[in-house]
Every structure is written in structure tokens, then in C-alpha cells.
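Just so it is clear, the values below take in all heavy atoms, side chains as well, and ignore hydrogens, waters and symmetry mates. Residue numbers start from 1 in every chain, and the chains themselves are labelled A, B, ... in the order their sequence lines are given, proteins ahead of strands.
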Amino acid sequence: MRAALKAVRGTRDLLPDQTPLWNNVETTARNLFARYGFGEIRTPVLEATELFARGVGEETDIVSKEMFTWEDRARAGGEGVHGPESKAQSLTLRPENTAGVVRAYIEHQMAHSGALQKLYYIGPQFRRERPQRGRYRQFWQIGAEVIGPPSSGSESPLRDAEILEMLAGFLDKLGVRGWRLELSSVGSYQDRVRYNEILRAALQPIRSRLCGDCQRRAETNPLRVLDCKVPDDQALIGALPQISDHISADSQTHFSAVRAALEACGVPYTLNPRLVRGLDYYTRTTFEFTVSTGLGTQNALLGGGRYDGLSEMLGGPRSPGIGFAIGEDRLILTLQAQQEEDARASGAPPGELLDAYIAPLTPAQNATALALARELRCAGLRIEVGDGSFKLRKSFEIADSLARHIVLLGEDEAGSGVFTVKAFASGEQTKIPRARLAEALHGVQSRGSNFVQ
RNA sequence: GCGGCUAUAGUUCAGUGGCAGAACGCCGCUCUGUGGCAGCGGAUGUCGUGGGUUCGACCCCCACUGGCCGCCCCA
């Protein structure tokens with residue numbers, strides 16, 4: 001026998017027992033984002049490799065070792081925009097979506113309207129990392145970007161606070177418990193470069209007292225030292241210069257305004273001057289929402305920040321912006337872990353039941369049963385139909401596992417047009433004429449009514 | 001990309017160098033127009049894949065693949 005094919009490493013199927021939760025999350029996002037004036041954008045999964053090299057940063061881990069990249073075939077005909085000498089082009093499956101959105105913003109000249117652009121996306125991203133809990137090679141992000149020319153107010157700290165306040169509302173609406181907003185400002189690009197050198201210098205004298213990892217990081221990526229989790233290093237790290245003391249006056253004023261607006265909105269946050277983000281384009285405000293349930297060591301549920309120079313890095317007009325990306329897979333893991341906690345507490349099994357199961361009693365009733373099902377489905381009911389070859393006992397067992405009612409359809413019913421209907425919750429059995437059947441089956445909503453239908 | 005742990009029935013997991021096991025689930029019967037309960041019976045399977053050691057490997061060794069955890073990093 002030939003070996004069965006499997007989903008490729010780090011990718012997975014989402015089966016019908018999972019998708020209602022995913023749809024609920026996505027619908028909640030769409031509805032909420034729309035209230036803030038966001039419109040949906042869908043960009044290609046495939047982009048020129050150069051987009052990420054320039055946008056995300058050549059030296060970042062994502063670009064230097066985690067992208068699915070290949071050389072597309074050279075074009076034989078040599079016609080079109082790339083000219084007759086068109087060569088093979090390096091293509092990449094997008095590892096994140098901000099660069100693509102900003103590319104589209106530039107390509108469609110959205111800056112020319114002068115208006116602030118508020119765009120959101122939901123879609124798969126790809127990174128060639130080792131799979132772990134909450135980390136997949138194809139993973140989903142729900143993200144949004146606010147971008148526009150400076151005259152549109154895109155630089156205003158109000159936009160930062162609005163994004164953060166919206167995210168807090170989103171997590172609350174989904175019922176995520178125990179989330180934490182960690183907030184920082186990394187200053188302008190120039191601030192960051194300068195601080196990096198200051199940090200490197202400060203690390204020199206204490207380097208030998210740090211853990212092995214940090215001794216290496218002190219050379220390769222000083223900012224990462226701040227993120228160290230080794231307890232013995234904490235005191236040393238605490239004494240290092242903080243980026244908040246080394247950002248420009250402008251950046252400090254901006255950050256204060258963000259915090260004031262958050263406080264006015266009642267959004268709780270924790271200042272984390274050690275918050276380190278891995279993408280080159282971040283400037284000023286950066287943030288992460290973390291959660292303790294269900295994610296193991298991958299406790300970052302979403303992250304984002306300001307990227308005031310990204311448009312220019314990609315060859316566009318000056319257009320400051322701010323955005324975020326939610327790790328949808330991680331959000332789902334968190335919600336599922338919470339549901340399990342709740343189920344343990346209440347003992348109530350989750351589940352979404354159909355309105356009725358139609359049980360033909362002999363194969364002769366099959367056709368009538370399907371016609372009846374069609375009629376009821378047209379009336380908006382969720383219906384499953386059995387098969388007349390099943391024994392009645394089996395029909396009841398299946399019906400009880402799937403639906404709130406069973407509708408019996410035997411010779412009597414076919415002849416009289418009056419159906420025997422039993423409600424499983426109450427055990428009550430009644431005779432209902434066909435004309436009133438749909439109405440009778442509606443009744444109480446199913447247990448899964450908090451899910452989108 | 002590196003390190004550790006791991007892979008047995010649909011599921012959760014036992015197991016021993018010498019006949020492949022339990023629970024739950026599934027199917028059948030008791031029970032041919034009334035389910036949930038109970039009793040009885042049944043099938044669970046290339047023991048992840050490929051090599052090697054051995055008279056004999058689910059067990060020991062190697063490689064590969066997947067999963068989990070840690071590192072790196074990120075959502």
C-alpha cells in the first residue's frame with residue numbers, strides 16, 4: 001500500500017468542530033473594526049522577496065532565515081512590464097501582512113486622497129520555523145493598519161490610543177480573560193540606532209557576569225539582553241540604561257499623549273521598557289498583548305506598533321502609520337483553553353445541535369423525508385435526514401446526538417400529513433400537522449447560540 | 001536551525017526480547033413505531049516509516065518523519 005499523504009509540517013486542517021470558533025472570532029473582528037471605520041483589504045499571499053527585505057529588514061530573523069522563498073522561472077517571451085530582458089524573480093510567501101498592505105497603499109496611490117486610511121486584513125501568513133504550540137508554518141493573522149500622509153493626522157497619538165482601545169475591546173468582547181497590555185516606545189529610527197550603541201557600551205563591563213545566551217546577545221543583538229528570562233541576570237539588566245530615557249523629546253511627548261488617552265479610555269496597561277520587537281520598521285509606540293492561558297511559552301497574543309518610516313522605505317511618500325497583528329491561532333488556543341476551564345467548572349458540554357432529525361421509518365418514506373427536509377431548511381431550520389433502512393432505535397440514537405427534535409415519518413404520517421415530533425430535552429411527544437411543523441421546531445435556540453450561525 | 005522527550009485500536013493510554021491489551025467510543029443482539037440505562041457478544045491494529053542486531057523485535061540500536069517541550073525568535 002502507498003503511504004498516505006499528510007498535511008505538510010507546520011500546517012494543519014481545521015475541521016468543522018473548530019471552524020465555528022474561528023468564524024466567531026473573525027466575525028467579531030469584522031463587526032468591531034467596521035465600527036471604527038476600517039475597511040477590509042486582501043493582498044496577495046505571494047510578494048516579491050524584496051518587499052520583505054526592505055520592509056521587515058534584511059537582518060531580522062524573519063527575513064534572514066524564516067521565509068519560504070524561491071526563484072520564479074525566467075520569462076521566455078520577455079514581454080510586459082519587466083521588459084524583454086526579464087529575469088527570474090525571487091518570490092516569497094508573505095511572513096506578515098503589514099509590508100504588503102503598505103505596498104498596496106503605495107501602489108494604489110492612497111496617499112493622494114489626503115485621507116487617513118484604515119485597513120484591516122484576515123489571512124494566512126507563512127514562516128519556516130520549527131512548529132510548536134501556538135506556532136505554525138502557516139498561521140493566521142488578523143491585523144489592521146492606520147496610515148496616511150502627515151496632514152491626515154496619521155501621526156497623532158490619538159490613533160495609537162484608538163488602536164489599543166479597540167484591541168482591548170476586541171479581547172473583552174471575545175471573553176479573553178487575564179490579558180495584559182505591555183506598552184513601550186522605542187523612539188524614532190535614529191533614537192533606536194543611538195540607544196543600541198549606548199546599550200552595547202553599557203554591556204561591555206558587565207558582560208562576563210551575564211548568562212551564556214546574554215554574553216552572545218551583547219554582541220549580536222544587545223536589545224535582546226533586555227528580554228532575558230534568567231533570574232540572576234535581572235538585577236544587572238535592571239541597572240542598564242532604559243530606552244525611555246534615550247528617546248527624543250518629540251517621541252516622549254507623543255508617548256505621554258498616548259498614555260493619557262489610554263487612561264482617559266480606562267484601558268489598563270503596563271509599561272515595559274524592555275519590550276523588544278523584532279521587525280525593523282517599528283518606531284515610537286510598540287505594544288504586545290499577552291495572556292497566561294493556553295499558550296505555553298508563546299504568551300504573546302498579538303503585537304504591533306508604529307511604523308512612521310515604512311512607506312518611504314518601500315519607495316512611497318512619507319506616510320506615518322500604526323498597526324497590529326493578532327495571532328489568530330494563539331487567540332483560538334486561548335479561547336479553547338478557557339472553554340475547557342469553564343467546562344470543568346460547570347460540567348456543561350459545549351455543542352451546537354440541529355433543530356430536527358427526520359427519521360423515515362422505511363425506505364419507502366425516504367423521498368418524502370428529503371422533500372420535508374428541503375421544506376424545513378427553506379424555512380431556515382437546521383435539519384438532518386436519516387435513512388429508512390435504519391432501525392428506529394438507531395434513528396433515535398443518532399437523532400439524540402445531533403438534534404433537539406426527532407420527526408418520525410412512517411406510513412401513518414405520510415398518509416395523514418401529521419407528524420410525530422419528540423423533543424429530547426423534555427421527552428414530550430406531540431402530533432403536528434405539516435403546515436405548523438416549521439414554526440413548532442423553531443422554539444428555543446440551540447445551546448451554541450453564542451456562536452455565529 | 002540546535003537540544004530534550006515522545007510515537008501501540010477511532011480516542012486516551014497500559015504493556016513484555018517469545019500469541020497485541022484496558023477504558024471510552026463504534027457495530028450487533030436482548031428490543032421490527034420510541035433514544036438516554038443495563039446485560040451479552042463483536043471488530044478494533046502494518047505497535048509512525050525504513051534499515052540493523054537477534055533463532056525470534058511492539059520492546060534493543062541507527063536513520064527518517066510527525067507531535068510535545070526548551071533554545072533562537074515571533075503572532
Side-chain angles (χ1 to χ4, degrees), chain A residues 1-12 56 59-67 95-98 122-143 167 211-214 216-217 220-221 223-224 227-230 275-279 282 287-291 295-305 323-334 357 359-362 365 386 388-413 419-425 427-429:
Chain A
M1 196 169 69
R2 300 168 73 178
L5 291 166
K6 295 195 290 190
V8 308
R9 184 173 171 77
T11 72
R12 59 203 180 125
V56 176
E59 300 306 318
T60 60
D61 277 43
I62 292 176
V63 173
S64 65
K65 56 188 196 194
E66 294 173 2
M67 297 202 303
E96 58 97 56
N97 218 331
T98 298
I122 299 176
Q125 319 293 333
F126 305 84
R127 289 183 202 173
R128 204 180 176 293
E129 295 182 278
R130 183 124 176 183
Q132 259 182 51
R133 183 174 192 79
R135 172 193 288 176
Y136 308 98
R137 289 184 167 189
Q138 175 175 339
F139 61 102
W140 291 70
Q141 286 188 334
I142 301 176
L167 283 167
C211 72
D213 278 338
C214 284
R216 183 173 41 77
R217 289 175 183 136
T220 60
N221 194 349
L223 285 171
R224 280 278 152 217
D227 213 19
C228 180
K229 285 145 201 137
V230 177
L275 184 68
V276 176
R277 314 244 71 238
L279 282 63
Y282 284 122
F287 56 87
E288 232 171 55
F289 282 72
T290 61
V291 81
L295 290 183
T297 52
Q298 252 64 251
N299 70 341
L301 199 57
L302 69 93
F324 63 84
I326 302 166
E328 189 175 3
D329 306 75
R330 292 183 182 181
L331 181 54
I332 298 281
L333 280 172
T334 302
Y357 181 91
L361 297 187
T362 73
Q365 274 81 47
S389 65
F390 294 164
K391 288 189 178 167
L392 188 58
R393 174 190 177 83
K394 178 171 174 169
S395 291
F396 264 89
E397 283 172 354
I398 297 172
D400 191 24
S401 70
L402 287 183
R404 296 182 297 118
H405 301 94
I406 185 169
V407 177
L408 298 182
L409 176 45
E411 261 179 59
D412 298 353
E413 287 83 357
F419 297 92
T420 307
V421 177
K422 187 162 187 175
F424 287 114
E428 194 180 326
Q429 184 162 313

Can you check the distance between [N] and [M], where both ends of the measurement are the [atom1] atom (answer in whole Å)?
N	M	atom1	answer
B/C64	B/U44	P	35 Å
B/C24	B/C40	P	12 Å
B/G17	B/C59	P	12 Å
B/A9	B/A22	P	14 Å
B/A57	B/G18	C1'	10 Å
B/U12	B/G4	C1'	24 Å
B/A38	B/A43	P	22 Å
B/G25	B/C31	P	22 Å

Under 4.0 Å between any heavy atoms, over every strand shown, what does [X] touch: base, sugar-phosphate, or nothing? Just pick one.
X	result
A/Glu129	base
A/Thr420	base
A/Glu66	sugar-phosphate
A/Leu301	sugar-phosphate
A/Asp400	base
A/Gly143	nothing
A/Tyr357	nothing
A/Phe324	nothing

Taking [atom1] from [X] and [atom2] from [N], how many angstroms apart are they, rounded to a whole number?
X	N	atom1	atom2	result
A/Leu279	B/C73	CG	C1'	11 Å
A/Leu408	B/U32	CG	P	16 Å
A/Glu59	B/C73	CD	P	14 Å
A/Glu397	B/G36	CD	P	6 Å
A/Gln132	B/C71	CD	C1'	9 Å
A/Asp61	B/A75	CG	P	11 Å
A/Leu361	B/G35	CG	P	13 Å
A/His405	B/G35	NE2	C1'	15 Å

For the backbone of [Y] and the side chain of [X], can you confirm whether one donor and one acceptor N or O come within less than 3.5 Å of each other?
X	Y	answer
A/Arg127	A/Glu66	no
A/Asp329	A/Phe139	no
A/Gln132	A/Arg130	no
A/Arg128	A/Met67	no

Closer to the 5' end of RNA chain B via nearest nucleotide, is it A/Lys65 or A/Gln141?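 Mapping each residue to its closest nucleotide by heavy atoms, the 5'-most match is A/Lys65.
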
With nearest nucleotides of RNA chain B determined for A/Glu428 and A/Arg128 from heavy-atom distances, which residue corresponds to the more 5′ nucleotide?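 The residue closer to the strand's 5' end, by nearest nucleotide, is A/Arg128.
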
Using the six-membered ring of A/Phe424, assess whether NZ or CZ of A/Arg404 lies under 6.0 Å from its centre and within 45 degrees of the ring axis.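 No, A/Arg404 does not lie over the aromatic ring of A/Phe424.
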
Short side-chain N/O contact from [X] to OP1 or OP2 of [N], under 4.0 Å:
X	N	result
A/Arg9	B/U65	no
A/Lys391	B/C29	yes
A/Arg130	B/G70	no
A/Arg393	B/C31	no

Counting only Watson-Crick pairs (N1-N3 plus N6-O4 or O6-N4) and G-U wobbles (N1-O2, O6-N3), all under 3.5 Å, who is the partner of [N]?
N	result
B/G33	none
B/C5	B/G67
B/G28	B/C40
B/G45	none
B/U53	none
B/U16	none

A/Arg135 with A/Glu129: basic N within carboxylate O range, under 4.0 Å: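 Result for this pair is yes, salt bridge flagged.
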
Can a salt bridge be assigned to the pair A/Asp400 and A/Lys422 using a cut-off of 4.0 Å between side-chain N and carboxylate O?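 A salt bridge is absent here (no side-chain N lies under 4.0 Å from a carboxylate O).
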
base_contact_polar (B/A75 base, A/Arg127 side chain, donor-acceptor, <3.5 Å):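 By the distance-only test, yes, there is a pair.
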
Is any side-chain N or O of A/Glu413 under 3.5 Å from a base N or O of B/G33, one able to act as donor and the other as acceptor?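 In this structure, the two groups form a donor-acceptor pair.
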
If only side-chain N and O atoms count, and only distance matters, is there a donor-acceptor pair under 3.5 Å linking A/Glu59 with A/Ser64?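 No.
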
Can A/Phe139 be called stacked on B/A75 when the rule is centres closer than 5.5 Å and an angle between planes below 30°?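 A/Phe139 ring centre within cut-off of B/A75 base, planes near parallel; stacks.
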
